[in-house]
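Sequence positions, counted from 1, serve as the residue numbers for this chain.
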Amino acid sequence: ATNQEYVDRMYNALASKEHQGFLGTEGYSPWIRTKVRGSGSSAFGPVQLTGGEGSMLHNVGTGYTDIGASQEELDWINNMFLPQGQNFLKWGGSDMPESKTDKYGNPVGQYDYGQSGDFSEKDKRMYENISKKLIASELKRLDYDEDKFITQWRGVDDPDYLQGVKSYLNAG
């Protein structure tokens with residue numbers, strides 16, 4: 001397998017675990033903010049990337065971490081992904097009614113837990129491309145140590161998560 005094929009499989013393995021039990025079921029989209037209410041997390045999309053201060057994409061967008069992103073991708077991180085993450089954190093409270101609007105009357109319910117944010121099809125392609133560059137960069141940085149990578153991606157020691165991702169990788 002090429003390195004890109006491995007990165008693609010890792011992306012799919014992470015998405016499979018992040019959306020376990022839902023991915024592939026009718027009407028389900030992985031293009032949502034985490035469903036973990038009250039977590040204060042901006043985690044979003046198939047591999048649940050976060051957009052808060054100190055997140056991997058925040059570090060990429062500010063130039064702190066170089067994953068080989070193009071200028072277009074850096075602009076997208078800074079002008080689309082990170083602002084959406086801030087909206088998740090600002091508007092997505094656990095007690096937020098679906099009909100909530102900002103002071104200008106714009107609906108903000110799409111930023112609540114389990115909701116879709118405001119990505120277009122182009123945004124989804126950018127997210128996937130950037131996610132895969134991030135995965136490739138982190139795998140290389142960690143000398144392709146799968147266990148270290150998966151644990152670091154999760155952000156906590158979670159044996160069930162680690163095993164779930166590894167099971168997906170080993171199944172194919």
Notebook entry, point to check: Is a side-chain donor or acceptor of Lys17 paired with a backbone partner of Tyr161 at a separation under 3.5 angstrom?
Noted result: no
- Item | Distance under 6.0 Å and angle within 45° of ring axis: Lys132 vs Tyr11 | yes
Verify the cluster assignment for Tyr144 and Leu14: are they in a single hydrophobic cluster under the rule of side-chain heavy atoms below 4.5 Å apart?
-> yes
NE2 of His58 to CE of Met56, rounded to nearest 0.5 Å, is 14.0 Å
Exercise. Using a distance-only test with no angle check, is there a side-chain donor-acceptor pair under 3.5 angstrom linking Ser120 and Asp123?
Worked result: yes
- Within 45° of the axis and under 6.0 Å from the centre of the six-membered ring of Tyr113, does NZ or CZ of Arg33 qualify? yes
Closest heavy-atom pair, Gly51 versus Leu82, reported as atoms and distance to 0.1 Å, is O-CD2, 3.5 Å
Partner of Phe119 under ring-ring contact (aromatic ring centres under 6.0 Å, His included), picked from Tyr111, Phe88, Trp76, is Trp76
| request: Examine Phe22 and Tyr168 and state if one hydrophobic cluster contains both, with Ile, Leu, Val, Met, Phe, Trp and Tyr joined whenever side-chain heavy atoms are less than 4.5 Å apart. | output: no
Rounded to the nearest 0.5 angstrom, the CD1-CD distance for Ile67 and Glu138 is 9.0 Å
The side-chain contact (heavy atoms from CB on, under 4.5 Å) partner of Phe149 among Arg154, Lys140, Met10 is Met10
Task: Ser39 vs Thr34 side-chain heavy atoms within contact, under 4.5 Å - done: yes
Distance col, row Glu72:CD vs Asn79:CG, nearest 0.5 angstrom, shows 11.5 Å
message: If hydrophobic clusters are built from ILVMFWY residues whose side chains come within less than 4.5 Å, do Ile32 and Val47 share one?
response: no
Discussion item. In terms of relative ring orientation, are Phe81 and Tyr127 parallel, tilted or perpendicular, with 30° and 60° separating the classes?
Written reply: tilted
Nearest heavy-atom contact between Asp147 and Leu162 is CA-CD1, 3.8 Å
Does a side-chain N-to-carboxylate-O contact under 4.0 Å join Arg125 and Glu121? no
Separation between OG (Ser70) and CG (Asn129), nearest 0.5 Å, reads 8.5 Å
Q.
When you measure from the side chain of Ser167 to the backbone of Gln163, do you find a donor-acceptor pair of N or O atoms at a distance under 3.5 Å?
A. yes
What one should report as the nearest heavy-atom pair of Ser42 and Gly52 is OG-N, 3.7 Å
In short, Leu89 meets Gly40 closest at the heavy-atom pair CD2-O, 3.2 Å
Distance col, row Tyr6:OH vs Asn3:CG, nearest 0.5 angstrom, shows 9.0 Å
### Within-4.5 Å side-chain heavy-atom neighbours: Gln152 and Arg141
yes
Tightest non-hydrogen contact, residues Gln48 and Ala43, listed as OE1-CB, 3.4 Å
Check: Do the charged groups of Asp112 and Arg37 touch, with an N to O distance under 4.0 Å?
Finding: yes
The reported gap from CG in Asp145 to CG in Leu139 (rounded to nearest 0.5 angstrom) is 9.5 Å
Here the pair of heavy atoms bringing Ser131 nearest to Leu49 is OG-CD1, 3.2 Å
